[in-house]
Amino acid sequence: MDGVDVVQAAQQREAELSSLSPEIRDAQLASEQLMRDAKQQGNQGNLVMRDGKLQLLSEDDMGADLGKYRWGQTEKEVTIKVSVPAGTKSKAVKLDVLTSKLKLAVMGEVILDGVLHKPVKPDDCTFTIEDEGTGRLVTVTLQKLQATSASQHWKCVCDGEPEIDTSLFGPAIMTADPSDPAGLAQILAAR
């Protein structure tokens, strides 16, 4: 897109916005900013439409608290969080990840052991341990083999674990810059 096209596109956009009521224009601009932010953060898959408004759900909103652990997800990652006592060292964490299997034990207690809901990239899966309040927090990060979004997100970490209702997230909301032919092609291919 050359300089003239950019100016014409900006003028056309300004004309479109000026024809809207202030409330609708503000809502439109807020939605567009939310989409840009989500895309920039790699969180576009957590955009949902609720009560007629576009919302960006957090990683935790796209998961569950199951007592022993809580989990959440973005387009490309699943995180598992386990609260442990103060003083817990990384050597107390045993994490074995294969493409389709996971075993996580902390201080000898098996937290998860089973077939993953969907495949991951084992070499890119890690864990950290850090202070949290009066205790510590073990955070396992699983890299999804294929990105997911909205109702196509994971329902659980391992099969047989309690599932979340991903249908509540609705269809995927995709965005693209109209001046980006590759981005437009990607969206059209996903349909």
Side-chain angles (χ1 to χ4, degrees), residues 34-48 55-170 172-175 182-183 186 189-190:
L34 188 60
M35 286 188 278
R36 280 192 300 275
D37 292 347
K39 189 170 185 173
Q40 183 180 21
Q41 297 165 5
N43 230 0
Q44 189 173 339
N46 288 18
L47 284 171
V48 299
Q55 295 180 7
L56 178 60
L57 298 182
S58 73
E59 173 182 314
D60 293 337
D61 292 333
M62 303 300 245
D65 186 337
L66 300 177
K68 280 200 289 190
Y69 69 94
R70 59 190 189 272
W71 70 280
Q73 62 188 311
T74 64
E75 288 180 16
K76 298 176 182 172
E77 295 179 343
V78 171
T79 56
I80 303 163
K81 298 177 181 179
V82 182
S83 295
V84 296
T88 301
K89 304 284 185 206
S90 62
K91 64 183 174 184
V93 178
K94 178 88 168 119
L95 176 65
D96 294 315
V97 182
L98 300 173
T99 303
S100 60
K101 293 184 92 180
L102 169 80
K103 182 170 185 179
L104 171 64
V106 180
M107 297 173 34
E109 179 186 356
V110 175
I111 306 297
L112 277 164
D113 185 9
V115 175
L116 288 164
H117 184 65
K118 294 185 181 180
V120 298
K121 301 175 188 174
D123 292 341
D124 296 334
C125 298
T126 61
F127 78 88
T128 60
I129 187 166
E130 58 194 351
D131 293 334
E132 177 193 54
T134 59
R136 300 201 84 193
L137 181 69
V138 174
T139 302
V140 176
T141 304
L142 304 175
Q143 296 296 318
K144 295 178 178 180
L145 187 60
Q146 294 183 327
T148 60
S149 62
S151 61
Q152 300 304 309
H153 270 322
W154 289 26
K155 295 177 183 291
C156 57
V157 177
C158 288
D159 292 341
E161 292 287 308
E163 294 185 357
I164 60 172
D165 184 0
T166 57
S167 69
L168 298 175
F169 304 148
I173 297 172
M174 310 261 322
T175 63
Q186 182 181 13

[X]: partners by side-chain hydrogen bond (donor to acceptor under 3.5 Å, both in side chains), with sequence neighbours left out:
| X | value |
| --- | --- |
| Asp123 | none |
| Glu161 | Tyr69 |
| Asp113 | none |
| Asp65 | none |

Please list, chain by chain and in numerical order, all residues satisfying salt bridge (Lys or Arg N to Asp or Glu O under 4.0 Å) with Lys94, sequence neighbours excluded.
->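 Here the qualifying residues are Asp96.
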Could you tell me which residues satisfy side chain to side chain contact (heavy atoms under 4.5 Å, CB included) with [X], sequence neighbours excluded, listed by chain and number?
| X | value |
| --- | --- |
| Lys155 | His117, Glu163, Thr166 |
| Gln146 | none |
| Thr99 | Pro119, Pro122 |
| Ser100 | none |

Between [X] and [Y], which heavy-atom pair has the shortest distance, and what is it?
| X | Y | answer |
| --- | --- | --- |
| Thr134 | Ala86 | O-CB, 3.3 Å |
| Pro162 | Cys156 | O-CB, 3.6 Å |
| Gly87 | Arg136 | N-CD, 3.8 Å |

Should Leu116 and Val157 be marked as a side chain to side chain contact (heavy atoms under 4.5 Å, CB included) after you check the CA-CA gap, both sets of side-chain angles, and the distance that decides it?
-> CA-CA 6 Å; Leu116 288 164; Val157 177; 4.1 Å; yes
Rounded to the nearest 0.5 Å, what separates atom [atom1] in [X] from atom [atom2] in [Y]?
| X | Y | atom1 | atom2 | value |
| --- | --- | --- | --- | --- |
| Leu104 | Cys125 | CG | SG | 11.5 Å |
| Phe127 | Thr141 | CZ | OG1 | 11.0 Å |
| Lys89 | Ile129 | NZ | CD1 | 8.5 Å |
| Ile111 | Leu102 | CD1 | CG | 11.0 Å |

Quiz: residues 70-84 side-chain donor-acceptor pairs under 3.5 angstrom, not counting sequence neighbours:
residue: Arg70; atom: NH2; partner: Glu132; partner atom: OE2; Å: 3.4
residue: Gln73; atom: OE1; partner: Lys144; partner atom: NZ; Å: 2.9
residue: Gln73; atom: OE1; partner: His153; partner atom: ND1; Å: 3.4
residue: Gln73; atom: OE1; partner: Trp154; partner atom: N; Å: 2.9
residue: Gln73; atom: NE2; partner: Met62; partner atom: O; Å: 2.8
residue: Gln73; atom: NE2; partner: Trp154; partner atom: O; Å: 2.9
residue: Thr74; atom: OG1; partner: Lys76; partner atom: N; Å: 3.4
residue: Thr74; atom: OG1; partner: Glu77; partner atom: N; Å: 3.2
residue: Glu75; atom: OE2; partner: Gln44; partner atom: N; Å: 2.8
residue: Glu75; atom: OE2; partner: Gly45; partner atom: N; Å: 2.5
residue: Glu77; atom: OE2; partner: Gln143; partner atom: NE2; Å: 2.8
residue: Thr79; atom: OG1; partner: Glu59; partner atom: OE2; Å: 2.2

